[in-house]
Undergrad: 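First the structure, which I've put down as structure tokens, then a few questions once you've had a look.
We name chains A, B, ... by the order of the sequence lines, and we start the count at 1 in each one. Owing to the predicted nature of the structure, the values given are computational and were not obtained by experimental measurement.
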Number of protein chains: 2
Amino acid sequence: MYSLDHLRMLVETVETGSFSACARKIGKVQSAVSQGIASLEIDMNLELFDRTTRKPTLTPEGEYVLEFARTILRQVDDLQLATASMTIGEEMRVCLAVDRAFELPRLQQLYRDFSNKYPNTELEVLSVASPDIYDLVKSGRANVGLTFAKLDIDKDVELCGIGNMPFIAVCATDHPLAQKQKIFMHDVIPYRQLLLRGASGFELGHFPKMSTLAWYSNDIHRLYSMLISGCGWAYIPAYVAEGWISKGKIERMDVLFDHKPWSPPVEIVSPKASIGPVTAWVIEELKSLFDND
Amino acid sequence: MYSLDHLRMLVETVETGSFSACARKIGKVQSAVSQGIASLEIDMNLELFDRTTRKPTLTPEGEYVLEFARTILRQVDDLQLATASMTIGEEMRVCLAVDRAFELPRLQQLYRDFSNKYPNTELEVLSVASPDIYDLVKSGRANVGLTFAKLDIDKDVELCGIGNMPFIAVCATDHPLAQKQKIFMHDVIPYRQLLLRGASGFELGHFPKMSTLAWYSNDIHRLYSMLISGCGWAYIPAYVAEGWISKGKIERMDVLFDHKPWSPPVEIVSPKASIGPVTAWVIEELKSLFDND
DNA sequence: GCTCAACCATCACAATATCTGATATTTATT
DNA sequence: AATAAATATCAGATATTGTGATGGTTGAGC
């Protein structure tokens with residue numbers, strides 16, 4: 001049965017162009033590679049290289065096998081990285097950074113599934129502001145992020161849009177705006193708008209500030225307190241609003257300026273390289289987050 | 001450096017619950033497994049199993065490594081299958097089955113990219129009717145399929161929806177319906193409708209037959225001939241219609257009964273297991289087929 | 001058409017790695 | 001306490017892989 005070294009020889013030979021060059025690169029002697037490839041061909045019962053030309057060229061079969069070998073070795077390299085970082089003490093755990101606004105029931109489902117599927121892997125969930133998430137992933141502090149999409153693309157991280165999160169405008173039932181029907185843009189401007197904003201200070205481009213006066217919080221629950229005490233109105237995720245409205249102190253505003261709910265895009269942020277299988281699983285799960293809502 | 005056998009021991013030990021059972025299963029002696037796991041732990045510089053209990057249990061590190069090992073071995077098994085089928089003569093090629101209605105420019109781009117990326121792998125493109133595609137993939141005759149979505153789900157194949165293909169109603173410029181503006185449902189009923197249908201005989205649920213009289217063809221080009229000779233009207237993919245309309249003999253009908261174009265969902269069909277890397281690449285490419293149209 | 005450098009295949013032998021079977025020890029169960 | 005089933009360890013057997021030497025082939029440059 002062939003080994004990883006054999007596959008490495010195949011890949012390296014293609015990469016360097018010759019058995020000798022491959023041998024030099026992997027620190028062995030030419031005949032070792034020659035025999036290695038030969039035994040690989042015997043094991044697979046296939047001719048991988050055409051040796052009639054000066055430099056060995058891949059046969060169609062070889063071409064096909066090469067792709068498998070590449071994928072396998074990439075995984076092995078990732079495992080290598082993972083074990084290396086584990087021995088130097090970095091505990092293996094998965095850290096998921098999500099925007100504070102996401103407290104979806106589906107996320108709780110994900111926690112449950114995670115604990116069943118990977119009972120021994122630690123899960124850390126950081127609840128932070130969207131703009132901070134990119135840095136957390138970039139620095140390696142977090143393995144995956146779930147954020148409102150930035151407008152500019154970031155070349156250091158992998159991004160994957162997964163849908164939109166509808167926001168609606170709400171205010172307290174005793175707020176002047178709650179009485180009004182068919183609210184125009186100019187109607188809300190005089191009233192204080194309550195906005196979500198990251199601790200880092202700046203807000204997201206997707207969150208439109210419409211009123212001239214604004215109050216901020218980095219915590220959506222604090223926003224609730226501010227709302228019911230009549231401090232102003234706010235745009236909040238529709239699924240949060242539902243819960244609040246059912247409590248009877250908050251009402252949906254009948255705004256005319258967006259007839260379909262305003263829905264900023266949501267994306268998954270992951271590092272460019274070396275994603276472990278557990279993180280990969282989390283990413284796959286996150287992808288279906290908005291599938292049937 | 002550890003080998004595939006070592007990883008296999010790890011996985012099999014977890015699966016069976018003990019080193020001995022693992023040894024029995026993989027046809028070796030207990031001490032071989034014991035030593036194998038030990039050397040794996042030395043190579044990785046990690047403790048994978050906790051031996052204080054009766055049966056060895058995975059440490060958190062082991063749990064983590066296990067996932068990698070599983071993925072790697074799955075790939076190796078796939079490679080095994082691929083090489084086996086290649087030696088018994090099944091030429092390694094990728095066979096893509098697409099519905100006859102798809103002749104998208106983006107598909108031609110895919111052919112070009114394929115020939116660059118995998119110059120030695122054969123590509124076969126079968127142009128067939130959507131309902132036949134499921135069987136082609138199921139039987140292994142085709143590796144991937146691109147079809148209009150069936151309404152019932154099929155448990156034997158993997159399905160992945162990728163978007164919708166807009167259809168519009170057209171007829172010849174000299175057809176009575178071309179003269180009319182604001183065509184109602186009852187206007188089209190008396191005229192012959194030209195429909196796409198698979199050779200297997202049955203049509204897709206997504207293709208609404210509205211007229212009482214219908215003519216069928218399994219070939220969209222034949223439909224064109226029928227259309228320009230004034231035989232009737234038809235629903236055809238919008239991108240096909242564009243080309244035909246620009247030739248001047250076909251016109252878009254001003255139908256009122258669907259104000260947004262009728263767009264059946266399109267999905268990728270792939271086998272449940274053992275997808276080779278080239279096929280995987282094709283699937284990834286197909287997924288973005290409708291992304292920016 | 002000759003030379004030369006770089007390449008590949010093959011072989012016998014050396015070096016490693018892996019497997020075996022025996023043995024001692026541990027652990028949960030009766 | 002006795003038992004059954006597991007694990008660790010060790011020395012020797014076996015198999016795999018690597019080495020270095022040798023000879024043959026290829027293609028570029030003259």
Undergrad: Considering all heavy atoms of both residues, which atom of A/Met9 and which atom of A/Gly36 are nearest to each other, and what is their separation?
TA: SD-CA, 3.8 Å

Undergrad: For the pair made of CG in B/Asp5 and P in D/dA15, what is the distance, rounded to whole Å?
TA: 15 Å

Undergrad: Quick check: B/Phe102 with B/Phe148 (ring centres under 6.0 Å apart)?
TA: yes

Undergrad: When you match B/Arg24 and A/Lys28 each to their closest nucleotide on DNA chain D, which lands nearer the 5' end?
TA: B/Arg24

Undergrad: Report each atom pair, protein N/O against N/O of nucleotides 8-12 of chain C, whose distance is under 3.5 angstrom.
TA:
{"from": "C/dC8", "atom 1": "OP1", "to": "A/Phe19", "atom 2": "N", "distance (Å)": "2.9"}
{"from": "C/dC8", "atom 1": "OP2", "to": "A/Phe19", "atom 2": "N", "distance (Å)": "3.4"}
{"from": "C/dC8", "atom 1": "OP2", "to": "A/Ser20", "atom 2": "N", "distance (Å)": "2.9"}
{"from": "C/dC8", "atom 1": "OP2", "to": "A/Ser20", "atom 2": "OG", "distance (Å)": "2.5"}
{"from": "C/dA9", "atom 1": "OP1", "to": "A/Arg51", "atom 2": "NE", "distance (Å)": "2.6"}
{"from": "C/dA9", "atom 1": "OP2", "to": "A/Ser34", "atom 2": "OG", "distance (Å)": "2.7"}
{"from": "C/dA9", "atom 1": "N7", "to": "A/Gln30", "atom 2": "NE2", "distance (Å)": "3.2"}
{"from": "C/dA9", "atom 1": "N6", "to": "A/Gln30", "atom 2": "OE1", "distance (Å)": "3.3"}

Undergrad: Rounded to whole angstrom units, what separation is found between the CG atom of B/Asp50 and the P atom of C/dT26?
TA: 16 Å

Undergrad: Heavy-atom nearest nucleotide on DNA chain D for A/Met1 versus A/Thr53: which residue maps closer to 5'?
TA: A/Met1

Undergrad: Are A/Arg141 and A/Glu124 ion-paired here, with the side-chain N under 4.0 Å from a carboxylate O?
TA: yes

Undergrad: With a 4.0 Å cut-off on N to O distance, would you call A/Glu267 and A/Lys287 a salt bridge?
TA: no

Undergrad: Any ion pair linking B/Arg51 and B/Glu41 (charged N to carboxylate O, less than 4.0 Å)?
TA: yes

Undergrad: What is the distance from OH of B/Tyr2 to P of C/dT18, rounded to the nearest Å?
TA: 13 Å

Undergrad: Would you mind reading off the distance between B/Phe49 atom CZ and C/dT27 atom P, rounded to a whole angstrom?
TA: 18 Å

Undergrad: Between D/dT19 atom C1' and A/Ile26 atom CD1, what is the distance in whole Å?
TA: 14 Å

Undergrad: Whole angstrom is fine here: how far is it from CD1 in A/Ile42 over to P in D/dA15?
TA: 17 Å

Undergrad: Inspect the surroundings of NZ in A/Lys138 and state if more than 12 heavy atoms from other residues, nucleotides or ligands are less than 6.0 Å away.
TA: yes

